[in-house]
Protein chains: 2
Amino acid sequence: MARRSDHSREEIREMALSAAEKIVFEQGYEKLSARKVATAIGYTVGTLYLVFENIDDLILNINARTLDRLHAQMTESPPKPGKAREYLLQLGHVYIRYANEDPHRWAMVFEHRFAEERTIPAWYQEKIARMFAVVEEGIEPLAMGRPREEITQAARAIWGGVHGICILALTDTLGVAGVDSVQELTRSLISNYLKGFTGN
Amino acid sequence: MARRSDHSREEIREMALSAAEKIVFEQGYEKLSARKVATAIGYTVGTLYLVFENIDDLILNINARTLDRLHAQMTESPPKPGKAREYLLQLGHVYIRYANEDPHRWAMVFEHRFAEERTIPAWYQEKIARMFAVVEEGIEPLAMGRPREEITQAARAIWGGVHGICILALTDTLGVAGVDSVQELTRSLISNYLKGFTGN
DNA sequence: ACCTGAACACCGTTCAAGT
DNA sequence: ACCTGAACACCGTTCAAGT
């Protein structure tokens, strides 16, 4: 059993987050529990409540890291002038790939319902907004002078669409064989939408 | 306490399902529990396991009813010749409206993860397939002679897309104000996709 | 000061025992 | 035959008590 001052509060937080991430990554988020995390880091449950408000708080912090990882992958290769269409297809591809490689943590971001009392902190919402921003910037070159709100709407429609395909695929609702056909579906969604949006 | 032969097995099943549906409808599915359902119908938990295999089995049966209700609403007004585009927009509208009026039961269908051991029965998968079929039939008139698989893919892309917008909206991820803007987003997704798909 | 460990109010699931 | 009720192995959360 770890004893006092073995680790700082920050260290315990970090250890708990990593242990929790590992459990979710490997076993899915319904397998996550405060007791399991505590055991994994050699402390008792009580200690967890010293560094996290509650389980939702722990989950929120795991989700934040997942969003960071996803965002990093989406911004890995920057848009090239004159290749806006390819860039958006690439974004969709990266999104699907991430969901496929890390399905449990990805699912936790979008499926965990936080207790209704809980207000999602601004810094967290910012992480979501940042992802829309990436898509929005990707669309901009194709929107030539159209009002901001039309661009925003297009970004939302596209991201929502890709997200939905992703979910239906991961829950086997689409009756789709493998990742490849999901990638194809996403291509179909994005390129047809863009054809409609840009009008050709 | 209800005693033997007060109700047939079928009656208990029906009572349990209704009580469970009520709990989910009103309080959300994280509030559902075997003990609550049992208490609501005047039996003990043990009895529930006489008529359902386990909680997943109960949930699957609630979900089946939700899918029936959704399907009924989607097929309420049949497609009119020459109005294929309007029909598809209408389908999207009905889908969003349903999710908005019955968010908890709708969410349970798409968010509950059944235990991995559990194989989803064919009659249930059929209920999902039936919904794709509706969308597919809606697209057909616009696809004039294109191969079946392209129509199937378009149906999946559209349904996935509408579904994704719906989820992001209900989880407040889209930062969308109300139902109206969700309906607008859906319109945007469907009509732009169709413009691209039909090529004009 | 830091952490434990036991308590409380819940879960899903099983099954011997009662009527 | 039908249903109960208690048990088992879990939860999240709190907090007096120990070191």
Side-chain angles (χ1 to χ4, degrees), chain A residues 1-17 19-21 23-24 26-63 104 108 111-118, chain B residues 1-17 19-21 23-24 26-63 104 108 111-118:
Chain A
M1 257 324 80
R3 285 275 149 201
R4 55 172 119 156
S5 303
D6 268 14
H7 306 97
S8 70
R9 242 177 163 73
E10 259 323 307
E11 282 170 332
I12 295 178
R13 237 185 108 88
E14 180 54 39
M15 287 160 66
L17 269 175
E21 278 193 298
I23 293 171
V24 176
E26 289 171 357
Q27 309 172 43
Y29 101 104
E30 45 293 329
K31 303 289 182 185
L32 181 68
S33 89
R35 280 176 171 82
K36 271 191 204 159
V37 173
T39 306
I41 64 171
Y43 282 84
T44 57
V45 234
T47 303
L48 226 57
Y49 286 80
L50 243 63
V51 291
F52 293 104
E53 234 176 275
N54 47 38
I55 275 284
D56 271 6
D57 186 24
L58 174 65
I59 290 175
L60 189 97
N61 280 280
I62 300 175
N63 286 353
H104 291 137
M108 193 164 79
E111 286 174 15
H112 178 69
R113 292 275 173 272
F114 292 100
E116 273 180 45
E117 312 82 67
R118 191 180 181 84
Chain B
M1 262 317 86
R3 286 273 150 204
R4 56 173 118 154
S5 302
D6 269 12
H7 306 98
S8 71
R9 242 178 166 72
E10 260 322 306
E11 282 170 332
I12 294 178
R13 238 185 107 86
E14 180 54 40
M15 287 159 66
L17 269 176
E21 278 193 299
I23 293 170
V24 176
E26 289 172 356
Q27 308 172 43
Y29 100 105
E30 45 292 329
K31 303 289 181 186
L32 181 68
S33 88
R35 280 175 171 84
K36 271 191 203 158
V37 174
T39 306
I41 64 172
Y43 282 83
T44 58
V45 235
T47 304
L48 226 56
Y49 286 80
L50 244 63
V51 292
F52 292 104
E53 233 176 275
N54 48 37
I55 275 283
D56 270 5
D57 187 25
L58 173 65
I59 290 175
L60 189 98
N61 280 279
I62 300 175
N63 286 353
H104 291 137
M108 193 165 79
E111 286 175 14
H112 178 69
R113 292 275 174 275
F114 292 100
E116 272 180 43
E117 313 82 67
R118 190 177 182 86

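Below, read A as the first sequence line, B as the second, and so on, with proteins coming before strands; counting in each chain starts at 1.
Within a 6.0 Å radius of CD in A:E26, more than 12 heavy atoms belonging to other residues, nucleotides or ligands are found. Counting non-hydrogen atoms of other residues, nucleotides and ligands closer than 6.0 Å to NZ of A:K36 gives a total above 12.
Computed from coordinates, the A:L48 CG to C:dG5 P distance equals 16 Å when rounded to whole Å. The OH-P distance, from A:Y49 to D:dT13, rounds to 3 Å in whole Å. The distance between atom CD1 of A:I55 and atom P of D:dT14, rounded to the nearest whole Å, is 12 Å. When the C1' atom of D:dC3 is taken as reference, atom CD of B:E11 falls 16 Å away, rounded to whole Å. Rounded to a whole Å, the CG atom of B:N54 is 5 Å from the P atom of C:dT13. Atom C1' of nucleotide C:dC11 and atom NZ of A:K36 are separated by 14 Å, given to the nearest angstrom. C:dT13 atom C1' lies 12 Å from atom CD of B:E53, rounded to whole Å. Nucleotide D:dT4 holds its P atom 9 Å from the CG atom of B:L50, rounded to whole Å.
Taking 4.5 Å as the limit, some side-chain heavy atom of B:L32 sits within range of a side-chain heavy atom of B:I59.
Remark: D:dC15 base-pairs with C:dG5. Criterion, Watson-Crick or G-U wobble with two distances under 3.5 Å. Nucleotide C:dC10: unpaired (no Watson-Crick or G-U wobble partner with both distances less than 3.5 Å).
Checked against D:dG12, C:dT13, C:dT4, the side chain of A:R35 finds its nearest nucleotide in D:dG12.
Heavy-atom distances to DNA chain C give each of B:L32 and A:I12 a nearest nucleotide, and the one nearer the 5′ end belongs to A:I12. Between A:D56 and B:G46, the residue whose closest nucleotide on DNA chain D is further toward the 5' end is B:G46.
The shortest non-hydrogen separation linking A:R9 to A:V51 is O-CG1, 3.7 Å. When all heavy atoms of A:Y49 and A:N54 are compared, the closest pair comes out as CE2-CA, 3.9 Å.
Taking only side-chain nitrogens and oxygens, B:T47 comes nearer than 4.0 Å to OP1 or OP2 of D:dT4. Under 4.0 angstrom from either OP1 or OP2 of D:dC10 there lies no side-chain N or O belonging to A:S33.
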